Every structure is written in structure tokens, then in C-alpha cells.
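Data block below; observations after.
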Protein chains: 2
Amino acid sequence: MPTWKLTLEYDGTRYRGWQAQANTERTVQGVLLRAAREVVGADAVAGGAGRTDAGVHALAQVAHLKARSSLPPVEIRHGLNDALPHDVNVLSVEPAAPAFHARHDALSRTYLYRISRRRTAFDKRYVWWVRDRLDFSAMEKAARHFRGRHDFFSFCENPEGQQSTIVVVEGSEVAERGHEIHFRVEASHFLWKMVRRLAGTLVEVGRGTRTIAEVSKLLAEKSPEPARWTAPPSGLFLEKVRY
Amino acid sequence: MPTWKLTLEYDGTRYRGWQAQANTERTVQGVLLRAAREVVGADAVAGGAGRTDAGVHALAQVAHLKARSSLPPVEIRHGLNDALPHDVNVLSVEPAAPAFHARHDALSRTYLYRISRRRTAFDKRYVWWVRDRLDFSAMEKAARHFRGRHDFFSFCENPEGQQSTIVVVEGSEVAERGHEIHFRVEASHFLWKMVRRLAGTLVEVGRGTRTIAEVSKLLAEKSPEPARWTAPPSGLFLEKVRY
């Protein structure tokens, strides 16, 4: 069956996450599938690389699309965008191997978390505004501690439901961008709510309410604390999927 | 009476423009005045430098605020921001001379108009998406024609209601910023809908449906054409007020 690799961006504010659910129409995969059935036919199937949660955004989510259609990629892109709501946008459509699977074939995902150090009239839906003064260099040191192979049990919602809570974090760093602090983290896979709990923990360190030694301990021992610091979904973006 | 100079940003999407109106609560000046009365007292008055229209945004609108209050500027700023809706944000509050008047004292206003050359999931409220291919260098030449002293009668809504339709445009230029084209125009004052008609005319030139010679003619003779090309308010930002 013809297969395409789609790259798409979306504003997750109005959606109950990526994953199609039987009880709601309001998922990104749901609106993508509805558009795809209009454009490439009723037997279209589509799956994404990352299952973003409710309110989480994507700058470059990748999805596979399979359908019995001979439309050229550029027409599929235009057709999908005409059929999609304004907050979901297909950036590119490329032919892919028939076996291409957006989730199974992905080598790594990179997430971006945007923290704003000031109130903003334009970006409320895209940042977490933290009023307290943040110690950037302490956050920088803490972010480095997340790198490598760790048991992220303390940073996972429903860890018992996971096969394993071990994750190898390939990259973890913070950067200053004007009034914002950007936290970027790359790994082959992530546990449920993990990035938001890492971001929340970094902010605790930035506020001075937690030390770097305590962060190391959270990676070594099971703790209920990161769950309480879960950063809001508004600041989170799936930024890149590597194949 | 103590007077302050306020610099504020707002997302104009939800508002019927800057100017307070008797028949609606939904103006930026209206919500600013309501917040000011909570923070600095019931006799507060406030006026802005530019009367942005419905749906038009501001990156740095300037307003004067006068009230019998001895609160320090930083507390006024925090108080206003706590009382303001999420899409209006006071960037700074500075003490000003008692005679300071945001509109009368302004030497020039700069507006930014954002044109997007692609569909966008995030910026629909902040750009005008033009699907047609745009000739940037033709737009560059046309933008230069707006500079100087001209009769902008053809670019004004309700020109008969104006004392004069002569405007001296100090700056007018376009720039490429990724997928966007930014049009910036500076003048001591602007006529009603003038910037949106200049932007609409530039897009006509970019599309190749109007020549630069025709743009020159629009500045020399009265024409109903620019009114038909009025660019949508979503792309327009009051960017700077100079004193």
C-alpha cells in the first residue's frame, strides 16, 4: 500500500492529545484521519511518532499515512491542509517505504519546554510563566544530571504500567532566549509525563527550593516529589523526530 | 496629578480596538481603565498613543495614566498585571511629567505588518497568510514609493472626516523573516485603515496584479481601489511610539 511520511505542526491547546480516542473527536490524530479519509480515501490509516498529551504542541511531529491513492505528495499536502482545522498544519509529505512506521522506526525524539520569566500577552498558550526569580546556571547544572542512562521511575506517571522505567537521555540542556528559558531533551523514548516532570524539577532548582544533590538523588531513589512539580502542558513542544 | 508613562503589549484578537466605547466592555483601553481604577483609584484616567482597530495588536503601545496615588511604579505594574486579562500585559511603568500626554506628545508611530507565505498552526491570529507566490523585490520597490509627503486620500477610510489626508511617511520597508514578509512603516500619524491598505497594496504588487507605476498613481490620484485590498487586522502590530 502506498505510504507517505508526513511532518506536521500543531497547537495542542484545543486537543485532548495526539492519540485518537473512541469517546472524543478532539484529538490531533482524529482530525488528521478525518482529513486523510477525505483526501486519499476511506481506508487511510495514520500513526504518529510521539503521543503528545492534552495541551502539548508539536513543531515537527512525524506520522505515516497509508492509503490506496495515486495522488502526488504536493496534492496530498494541499488537500490535507484544506481539510484540517487552522491549528493543525502539514509541513511536508514525502513518499516512504511501504514498511515505514513513524513510531517504531524513530531513533529519537527531541522535546522543547519553554519557560517564560515574564508575563506575556501573546504566548500564554505556549509557555509556562514562572514568576519567581530563576537561577539559570543552577538549572544548567541540573539539566546535565539528566543525561545518560537512569531509572526515571520518579519522573513517570503510572510507572507500574511500564515495561521498564530505564531511559537513556542523549541530550539535556537549557538555553536563554530573551525572556525565556528553553529546556531541550532528547531520548529514544520518554515515559508518560517525564519531560514535564524534568522541567518542573529544573524550575524547583532554579527557584532554589531544591539542590542539585537532591536532583541526583531523585534519579537514584524512588520519590513521589517530581509528580507534584509536573510542569503545565502549555510549554511543551515535540520539536524533532530523528530516523 | 501624578502621571505615569505605561508601555503595554496586547493581543487584539478579542477586542473591539483600543478606544473605550460606551456600548462595549471589550476594548483595551476599557480593560486598562478598569484595572487602573482597582489599583490606583476611581479617578484614574488613561489614554493611548495609537487608536488600534478591532483585532489589531500592540508590541509596545504607550499610554499615560493619571491618578491620585503614591504607589511606586513597580507596584502599579504588578497591580495592573494582576487585574488585567491574560492578553493585555503592562511591560513598564515610569514616572512622567504631569503634562505628559501619550497621543499629543508622540513624535512618530511605527507599525509592523506580518505576511505569512505559508499556513501556520500557531500564528493564524498574528499574520495574514497569502497563498499566492509573492515577488519580494517588487514589494521592496513599491514600499519605497510610500516614503515622503503624499496625499494618502486613496488609502484612508472616511477621508472626508479628516482635517487633512496628507501624511509624511518617514520609513517604509519590507524585510524577509523566514517564511514571513514584514512590512514596517513609520509616520507622525496615520489615517484610518491606512497601514492595512498600504499592506494590501504591497501584496497586490507582490502577486503581480498591480505594477509599481500603478502604485505611484494611487498616491497622485484619488482611487477606490486600495479600499478593496484592505489587509486583515490580524497581521497588524503597533510596534513602537517615539517621543
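Note that the structure is predicted; figures quoted are calculated from it, not measured. Lettering of chains follows the sequences in order, A, B, ..., and the numbering in each one begins at 1.
For A:T13, no part lies near chain B; criterion is any non-hydrogen pair under 4.5 Å. Only the side chain of A:R131 comes within less than 4.5 Å of a heavy atom of chain B; its backbone N, CA, C and O stay farther away.
The environment of NZ in B:K240 is sparse: at most 12 heavy-atom neighbours from other residues, nucleotides or ligands sit within 6.0 Å. Other residues, nucleotides and ligands contribute more than 12 heavy atoms inside 6.0 Å of the CH2 atom of B:W229. For A:R242, the CZ atom counts as densely surrounded, since its 6.0 Å shell holds more than 12 non-hydrogen atoms of other residues, nucleotides or ligands. The environment of A:K5 atom NZ is dense: over 12 non-hydrogen atoms of other residues, nucleotides or ligands sit within 6.0 angstrom.
The shortest side-chain heavy-atom distance between B:F122 and A:R125 does not fall under the 4.5 Å cut-off.
Taking A:D11, A:N81, A:L8, A:V88 one by one and counting their heavy-atom pairs under 4.5 Å with chain B, the maximum is reached by A:N81.
Between B:R119 and A:D87, no side-chain nitrogen of the basic residue sits less than 4.0 Å from a carboxylate oxygen of the acidic one, so the salt-bridge criterion is not met. Comment: B:R118 engages A:E9 in a salt bridge, judged by a side-chain N to carboxylate O separation of less than 4.0 angstrom.
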